[in-house]
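Presented below is the structure to which this report refers.
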Amino acid sequence: LGGPQYVVGDDPSGLVVVVGGTLSGIHADRPATVVGTVDGGSETGPRGRVAVGRTSDPAAPVIAVPGEKDLSVLEMRDGKELLRIPWGLPANPVLAGAQVIAVSPIFVTSWMPVSEAERIVRARLAASDEVEGALAMLSLARQVRDAGLAADGAAEGVRRAGALPDADRRRLELLDALLAVDRLDLGSGAPREAVARAVDEGARLAGAPERASLARAERALRRGKPQDAMRAAVDLAFAAAPGAMLPAPDGVRSPDAVAVRIVREARAAEESDSTVASAFAAALRSAGV
C-alpha cells in the first residue's frame, strides 16, 4: 500500500481508505484486496487531512480530499469524483450533511448546494424579524448572483431597518450590503429596480443620502447613460451634508471631488459614443447605404 501515513474508515460500509502518496480503498474484512486507488496529489499525500462523510446510502460513503488548489469529494468505494471545489490553501475539510466546511490556520469556509443555502436563509428570515436575516439573504444573493434573492433581501432589509433606532449601526451595515448588491446589476426589470429603491431608502435610514446619489450616478455610468450620470453627480454635490466624505477608488473624497470624477467619466463615455456613432455613419456613407 505504499507506506501510508494514516487510514480513515467508515463503520457501516466497512470501507477503509489508506492515505499516502496514493489513496487506496480496501474493505475492513478483506484488507489484502484493494478496491480502488487515486492519486494523493503529492509524494506525501493530500494537503490536509482526508475526511469521511455519510450519504443517504449507508453503503456509499464519500471522502473529501484537500489539494493544493481545490477540494475533491470522491466515492469512497471506487474513487469516482463527485465534486470539485475551488480551494484557497491547504486546509482540513469536514463533511456535515450537504455542507463542506474547510478549516485552515487563516479562515473557516463552507460550501453547500445553492438550494440548501436558500432554504436556510429563508428559514432564518421567517424565524426572526431582526435585520440580520435580511443581511444573510443579501450576502447569499451576492454570492450566487440571484436577482430574486437580492430583491427579497433588499425589501425585507429596509422594512426591518425602519424599526431600528436612528443611530443603530445595523442601518449602515444594511446600506453597505445593499450597495454591494446594487453594483452587480443583477437581473433586469422589477428585481433590479427593487434593489435600487431599497438603496435610496437604506441611505435615508442611515442618514447618508449622498451615498444614494453616488449609487445613482455610478449606476447610470454602468448602464451607458452619461447624461443621467451627470445629473446625479450634480445632485450629489449639492445635496451632500457639510463635511460628508464618500468612498473613492483611492480612498475617501469629498462629494464635490467625487462628482467631478463622475462628470469627467460621463463626458468621456459620451464622447466615445459620439466617435463610434460618427465612424458608423461614415462607414454607411462609404458603403452607399
Side-chain angles (χ1 to χ4, degrees), residues 64 70-71 73 83-89 91 93-165 167-208 211-212 214-216 218-219 222-223 246-247 249 252:
D70 49 35
L71 170 82
V73 178
L83 179 68
R84 186 175 290 265
I85 299 172
W87 200 249
L89 72 164
V94 177
L95 296 171
Q99 188 175 19
V100 180
I101 304 168
V103 183
S104 82
I106 299 174
F107 56 75
V108 176
T109 309
S110 69
W111 294 266
M112 66 176 62
V114 173
S115 58
E116 178 67 6
E118 181 174 348
R119 183 193 67 77
I120 290 172
V121 297
R122 288 195 181 278
R124 180 178 178 183
L125 201 70
S128 167
D129 210 37
E130 296 293 326
V131 74
E132 284 79 5
L135 288 169
M137 182 170 282
L138 287 169
S139 177
L140 178 61
R142 189 169 69 249
Q143 286 180 279
V144 302
R145 304 297 196 267
D146 188 301
L149 276 175
D152 291 348
E156 273 300 303
V158 293
R159 184 186 71 79
R160 296 172 182 215
L164 297 173
D168 196 301
R169 61 174 178 77
R170 287 174 291 180
R171 286 186 168 184
L172 277 172
E173 288 179 18
L174 175 66
L175 177 57
D176 288 338
L178 289 168
L179 289 168
V181 169
D182 183 55
R183 292 186 196 104
L184 296 177
D185 278 326
L186 299 174
S188 61
R192 191 164 69 174
E193 295 312 311
V195 172
R197 289 193 300 273
V199 167
D200 290 344
E201 179 63 10
R204 184 190 68 80
L205 290 171
R211 296 188 70 183
L214 174 58
R216 283 193 293 274
E218 292 182 334
R219 193 183 302 133
R222 289 194 305 271
R223 298 180 185 179
L246 289 168
V252 292

Looking at every heavy atom in both [X] and [Y], which two are closest together, and how far apart are they?
X: Gly202; Y: Leu175; value: C-CD1, 4.0 Å
X: Leu174; Y: Val158; value: CD2-N, 3.7 Å
X: Ala212; Y: Asp200; value: CB-OD1, 3.6 Å
X: Trp111; Y: Pro86; value: CZ2-O, 3.6 Å
X: Ala206; Y: Leu172; value: CB-CD2, 3.8 Å

* Arg171 side chain to Leu205 main-chain N or O, any donor-acceptor pair under 3.5 Å? ->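 Here the side-chain-to-backbone pair exists.
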* Any sub-3.5 Å donor-acceptor pair from Arg142's side-chain atoms to Val181's backbone N or O? ->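 No, because the side chain of Arg142 does not come within donor-acceptor range (under 3.5 Å) of the backbone of Val181.
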* Asked: Out of curiosity, Arg169 CZ to Leu164 CG, how far, rounded to the nearest 0.5 Å?
  ->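 These two atoms lie 10.0 Å from each other.
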* Asked: Got a second to check how far Leu149's CG is from Leu186's CG, nearest 0.5 Å?
  ->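 Here the rounded value is 10.0 Å.
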Looking at [Y] and [X], is there a salt bridge between them, counting it only when a charged N and a carboxylate O are closer than 4.0 Å?
X: Arg216; Y: Asp182; answer: no
X: Glu173; Y: Arg170; answer: no
X: Arg122; Y: Glu118; answer: yes

* To do: Go through the steps for Glu201 and Arg197 under the test salt bridge (Lys or Arg N to Asp or Glu O under 4.0 Å), then give the verdict.
  => CA-CA 6 Å; Glu201 179 63 10; Arg197 289 193 300 273; over 6 Å; no
* Would a 4.5 Å heavy-atom cut-off, applied to side chains only, mark Ile120 and Glu116 as touching? ->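 Yes, their side chains come closer than 4.5 Å.
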